[in-house]
Structure formats: C-alpha cells, structure tokens
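What follows is one structure encoded as structure tokens, with my remarks underneath.
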Amino acid sequence: MVNVHYIFDPMCGWCYGATSLIQQLNEMGGVKLHLHPGGMIERSPLSDGFRQHVLQADQRIAQQTGAVFGEGYIAKIKSGETVILDSYVTAQAIIAAQLLGVSPSVMLKSIQQAHYQQGLPVADTDTLALLAQSLDLEPNQWEQAMEQAKAQLPEQLEQTQSLMAQYQLSGFPSIVYEAEGQWRTVSVSHFYNRPQQWADFWKKMTQ
C-alpha cells in the first residue's frame, strides 16, 4: 500500500486542473489517498483588478490540463458581480464530508465543479449544504459535522504547512508519497493531460 498525501487548496485553479488525476488516483488499487488542505485564501472578495489575471490564468490552466471552465463561472468573473473566495470554509466542508464517511476527494470535486463550472457561491454555507445533500448527507448531521470540522481545521492547516516546509513544497497542488518506508515527492504538473503516464507511474509505485 502506498500512502499518497495530496496538498491542495479548494480555491486553487491548478488544483482544479488536477481533478481528473486525483480522481484517477483515488480509484487505484494499492493507493491510500490523504488530503491536506492549504488555507490559501482567507475569506475575501475577488478584487476588480485581479479578475483579468484570473481569467488569463484560467486559460493557461485549461490549455495545459484540459480542465473545462464553465460558462456560468466565466460569466460571473467577467460580470463584476461580487465573488467571495474562502479556502477555509470550503476546506471545512471537505473535512465535514469525511467525518460523515464521504471521500474528501469526492467533496473537493463537488466544490470545484460548483465553483469553476457553475459559478456557484461556494463560500456560502448554504451552497455547501446543498452540495452535501447532493451527496446524500442528512442536513442535521451535516450541520453537526461542520461544527466538528471547524474545530479541527486549524490543526489540519498547521499539519499541511509543516508537511510543505518539511519537503520544501512551494505551492498547490503538491504530492508527497510514502512507499517502502521512504518519502518522496512527485510533480503533479508533469502529468497534466497525461492520464496514461500518470496511471503507469502509480502502477509502478504499487508493484
């Protein structure tokens, strides 16, 4: 069994670009995937001056990774409508989903699709609750899990920062994996749009 530690941020566009690779990894035999949220953006509105930068970055992400940015999302960024970004509450939702038995990578993908495809306000707890319901999570249990996750979040963010410092990782997405008692890093960006090579790499690691 290979333990794979995925260091990510829900509001990171390049992490959205890596979604298909992470989904592939999550479905592989011989791999145990651990998610570590980064806390990149404290709750804040997307500034008018930064919108053009975001759109340009998204074009590069789409070209290099094959990720599709939805019309709803693009229209929202272009419109000047208020867009609130919050890495903390979205990470909290991922932890809450895990507490209720849902794979954190499944909740992450749900949040990414809601934001980057539909343009939904994922910094809103009501939106996150609807996403939880779409994953068949019961509302009262979800509310309780969100409270538990809020208490756990600071420690998890601290663990992520420690992991990044230990292995000199500068940003998101990053992966550290443990195989045969040794820890190594792998460049996610090297495998963008290369699903077969990605599968071959991990098959080799798990043999």
Side-chain angles (χ1 to χ4, degrees), residues 4-28 31 33-47 49-74 76-78 83-94 103-120 122-123 156-157 159-161 163-177 184-199 201-202:
V4 179
H5 298 266
Y6 178 49
I7 296 163
F8 72 98
D9 192 281
M11 296 291 96
C12 164
W14 289 103
C15 294
Y16 172 60
T19 299
S20 61
L21 296 179
I22 300 307
Q23 185 174 0
Q24 229 183 315
L25 194 55
N26 194 44
E27 294 169 356
M28 284 180 193
V31 170
L33 185 62
H34 308 267
L35 267 64
H36 302 272
M40 182 175 72
I41 301 173
E42 290 196 57
R43 189 178 187 87
S44 60
L46 181 63
S47 68
F50 202 60
R51 288 174 189 265
Q52 192 58 39
H53 169 81
V54 167
L55 290 169
Q56 290 172 351
D58 291 345
Q59 285 182 345
R60 290 198 302 274
I61 293 166
Q63 288 167 359
Q64 292 185 37
T65 71
V68 175
F69 291 84
E71 292 181 6
Y73 165 79
I74 294 170
K76 188 172 183 177
I77 300 296
K78 287 181 175 180
V83 178
I84 303 296
L85 302 178
D86 189 338
S87 298
Y88 287 69
V89 75
T90 45
Q92 181 184 337
I94 291 164
S103 168
S105 62
V106 169
M107 188 63 182
L108 171 60
K109 183 180 178 182
S110 181
I111 290 169
Q112 289 171 326
Q113 288 180 331
H115 177 62
Y116 288 109
Q117 293 182 9
Q118 298 170 271
L120 297 177
V122 295
Q156 292 216 18
L157 294 178
Q159 288 175 353
T160 302
Q161 293 302 318
L163 197 59
M164 293 181 76
Q166 183 178 356
Y167 293 99
Q168 300 180 324
L169 302 169
S170 58
F172 312 107
S174 292
I175 280 182
V176 181
Y177 66 97
R184 303 182 181 94
T185 61
V186 59
S187 170
V188 181
S189 62
H190 178 72
F191 293 96
Y192 285 147
N193 247 342
R194 299 172 66 193
Q196 189 56 56
Q197 290 91 331
W198 180 250
F201 174 83
W202 290 108

Would you give the length of the straight line joining atom NE2 of His53 to atom CG of Asp58, rounded to the nearest 0.5 angstrom?
-> 9.0 Å

Considering only heavy atoms from C-beta outward, does the side chain of Tyr88 approach that of Leu157 to under 4.5 Å?
-> yes

Spatial distance of atom OG1 (Thr160) from atom CG (Leu169) [nearest 0.5 Å] = 11.0 Å

Residue pair Leu55 / Lys78: nearest heavy atoms and the distance that separates them | CD1-CG, 3.7 Å

With Tyr16, the side-chain hydrogen bond (donor to acceptor under 3.5 Å, both in side chains) member among Gln113, His115, Gln117 = Gln117

Validation row: Trp14, Thr65 side chains within 4.5 angstrom (heavy atoms) = yes

If you look at every heavy atom in Phe191 and Gln197, which pair is closest and at what distance?
-> CE2-O, 3.7 Å

Please report the closest heavy-atom contact between Asp86 and Ala123, naming both atoms and the distance.
-> CB-CB, 3.8 Å

Would you name the heavy atoms of Ser105 and Ile22 that are closest together and state the gap between them?
-> CB-CG2, 4.4 Å

Looking at side-chain heavy atoms only, is the closest gap between Val83 and Arg51 below 4.5 Å?
-> yes

Starting at NE2 of His36, measure out to OG of Ser174 and round the result to the nearest 0.5 Å.
-> 11.5 Å

Assess whether atom CD of Gln168 is packed by more than 12 heavy atoms of other residues, nucleotides or ligands within 6.0 Å.
-> no

Test item: Pro37 and Ile94 side chains (from C-beta on) under 4.5 Å apart, heavy atoms = no

Heavy-atom distance under 4.5 Å between the side chains of Val186 and Val4, does that happen here?
-> no

Atom CD1 in Ile111, atom OG1 in Thr19: separation rounded to 0.5 Å?
-> 11.5 Å

Aromatic rings Trp198 and Trp202: how do their planes relate, parallel, tilted or perpendicular, breaks at 30° and 60°?
-> perpendicular

Out of curiosity, Ser103 OG to Asn26 CG, how far, rounded to the nearest 0.5 Å?
-> 4.0 Å

Which heavy atom of Gln24 sits nearest a heavy atom of Ala199, and at what distance?
-> NE2-CB, 3.5 Å

About how many Å separate CG of Leu21 and CD1 of Ile175, when rounded to the nearest 0.5 Å?
-> 8.0 Å

Between Ser44 (side chain) and Glu42 (backbone), is there a donor-acceptor pair under 3.5 Å?
-> yes

Going through the distances and angles, do Tyr6 and Leu108 end up as a side-chain contact (heavy atoms from CB on, under 4.5 Å)?
-> CA-CA 12 Å; Tyr6 178 49; Leu108 171 60; 4.1 Å; yes

Strictly under 6.0 Å, is that where the ring centroids of Tyr116 and Phe69 end up?
-> yes

Which atom of Ser87 lies closest to which atom of Thr90, heavy atoms considered | O-OG1, 3.1 Å

